[in-house]
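Here the structure is laid out as structure tokens; the discussion comes afterwards.
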Amino acid sequence: MTEPRAWFLAGTDTEIGKTFVACALLHAARRDGHSALGMKPVAAGAERVAGEWLNEDAAQLRAASSFDPGLDRLNPYCLKTPIAPHIAAAEEGIEIDPARIRAAFEDLRTQADVVIVEGVGGFRVPLGDRYDTADLARELGLSVILVVGMRLGCISHALLTVEAIAARGLTLAGWIANRIDPAMLRADENIEALRSRIDAPLLGVVPHVAGADPAQVAAALRLPS
């Protein structure tokens, strides 16, 4: 197995297609001959499936991975209610322990060439009173891939997130433009505006295709160098 590579996948907001992009990146890695695993450290919103609590994002990452590493590693914290994770955890009497997430991540790194760790919502979603997803990315020691949901207002959201990534001392390995709004005016011009302002490579543009398969979209993406 080659030296394992891993990235933290962040988004400019919630509902901008992070999981779809994460799955496409897993397929891209597999296309290039690498074993690849997805990880969703914390997920909020789950239903009982075949005797286990399963989050939809985690299920998609599991399906796109080279193999199933087990939900205890892929998704250490599966919270039942689809609300902010620190609120869901408090309601369930759970304290999210970064050490547990770190142990699961390190185990995944021993099993695959590539690991994509998908965050929750935007870049700074609270996981506890004094801990958020940005802290988690830093603790895991990962460079960040930023998914920009292409819709009105995305330029400011993207640039503020880029600043937040730098403020935490993290490296932005690249960014991906996801065309989530097919009716967005001047989308190409917005992408060019971001390209000229973000000091990191554009790793691909995900087109808006109804019912798209992440395995097919993988052709439009590349992993960071």
Side-chain angles (χ1 to χ4, degrees), residues 5-26 28 38-44 57 61 82-87 96 98 101 105 115-128 130-181 184-208 217 220-225:
R5 296 188 294 162
W7 294 275
F8 188 89
L9 192 79
T12 49
D13 202 349
T14 191
E15 299 299 327
I16 51 87
K18 286 194 313 300
T19 301
F20 185 85
V21 171
C23 290
L25 286 172
L26 290 170
M39 181 184 188
K40 184 82 173 181
V42 180
D57 292 351
L61 291 171
I83 55 177
H86 72 293
I87 298 175
I96 295 173
I101 296 174
F105 167 69
V115 180
I116 303 294
V117 180
E118 183 193 343
V120 185
F123 182 59
R124 289 206 56 197
V125 173
L127 300 178
R130 299 180 180 274
Y131 194 82
D132 62 21
T133 50
D135 295 318
L136 177 60
R138 185 170 59 182
E139 184 160 331
L140 295 179
L142 298 178
S143 297
V144 178
I145 296 173
L146 178 63
V147 180
V148 180
M150 299 306 301
R151 60 189 177 199
L152 186 63
C154 67
I155 293 178
S156 180
H157 288 162
L159 297 181
L160 287 170
T161 305
V162 168
E163 288 184 3
I165 291 168
R168 292 301 178 99
L170 297 170
T171 298
L172 180 61
W175 64 285
I176 293 169
N178 189 13
R179 299 283 298 270
I180 58 173
D181 179 5
M184 182 185 185
L185 299 176
R186 310 296 187 270
D188 291 339
E189 289 85 346
N190 275 260
I191 291 172
E192 286 306 312
L194 287 169
R195 192 202 293 263
S196 68
R197 290 167 172 81
I198 297 177
D199 187 19
L202 174 61
L203 302 174
V205 178
V206 177
H208 186 279
V217 172
L221 302 179
R222 64 182 176 90
L223 293 170
S225 301

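- Sequence neighbours left out, the pairs with a member in residues 6-24 that pass salt bridge (charged side-chain N to carboxylate O under 4.0 Å, His left out) are D13-R151.
- Summarising the geometry of P224 relative to R5, their closest heavy-atom pair is O-NH1, 3.2 Å, with the distance given to 0.1 Å.
- Here the straight-line distance linking atom CD1 of I116 with atom CG of L61 works out to 9.5 Å at 0.5 Å rounding.
- More than 12 heavy-atom neighbours from other residues, nucleotides or ligands sit within 6.0 angstrom of CG on L160.
- Other residues, nucleotides and ligands contribute more than 12 heavy atoms inside 6.0 Å of the NE2 atom of H208.
- Sorted by first and then second residue, the side chain to side chain donor-acceptor pair (under 3.5 Å) pairs involving residues 161-173 (not counting sequence neighbours) are D132-R168, D135-R168.
- Across every non-hydrogen atom of L25 and I145, the tightest pair is CD1-CD1, 4.1 Å.
- A pairwise comparison of heavy atoms in P85 and A44 identifies CA-CB, 4.4 Å as the closest pair.
- Here L142 contributes atom CG and F105 contributes atom CZ; the two are 4.0 Å apart, rounded to the nearest 0.5 Å.
- The distance from atom CG of L9 to atom CG of L26, rounded to the nearest 0.5 Å, is 9.5 Å.
- With contacts defined as side-chain heavy-atom distances shorter than 4.5 Å, the pair Y131/H86 does not qualify.
- Note: L136 CG to L127 CG = 6.5 Å, rounded to the nearest 0.5 Å.
- When atom types are taken as modelled, the side chain of T133 and the backbone of V125 share a donor-acceptor pair closer than 3.5 angstrom.
- Checked against L221 for a side chain to side chain contact (heavy atoms under 4.5 Å, CB included), the options V206, V205, L203 give a single hit: V206.
- Among residues two or more places apart in sequence or in another chain, the salt bridge (charged side-chain N to carboxylate O under 4.0 Å, His left out) test is passed with R222 by none.
- Side-chain N or O atoms of N178 include none that pairs as donor or acceptor with a backbone N or O of V147 at under 3.5 Å.
- If you take CG on L146 and OG1 on T12, they are separated by 6.0 Å, rounding to the nearest 0.5 Å.
- For the pair G149 and I180, the tightest heavy-atom approach, listed with the atom from each and the gap, is CA-CD1, 3.8 Å.
- The heavy-atom pair separating M150 from A187 by the smallest distance is CE-O, 4.1 Å.
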Do R179 and D188 pass the salt bridge (charged side-chain N to carboxylate O under 4.0 Å, His left out) test, and can you show the C-alpha distance, the side-chain angles, and the key distance before you say yes or no? CA-CA 10 Å; R179 299 283 298 270; D188 291 339; 3.7 Å; yes

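- Here the side chains of W175 and L202 are in contact, with some heavy-atom distance below 4.5 Å.
- Using a 4.5 Å heavy-atom threshold, the side chains of L159 and L194 count as touching.
- To the nearest 0.5 Å, atom CG of residue L152 and atom CG of residue D181 are 8.5 Å apart.
- With hydrogens and angles disregarded, no donor-acceptor distance shorter than 3.5 Å links the side chain of K40 to the backbone of V117.
- Scanning both residues, I16 and G11, for their nearest heavy atoms gives CD1-CA, 3.9 Å.
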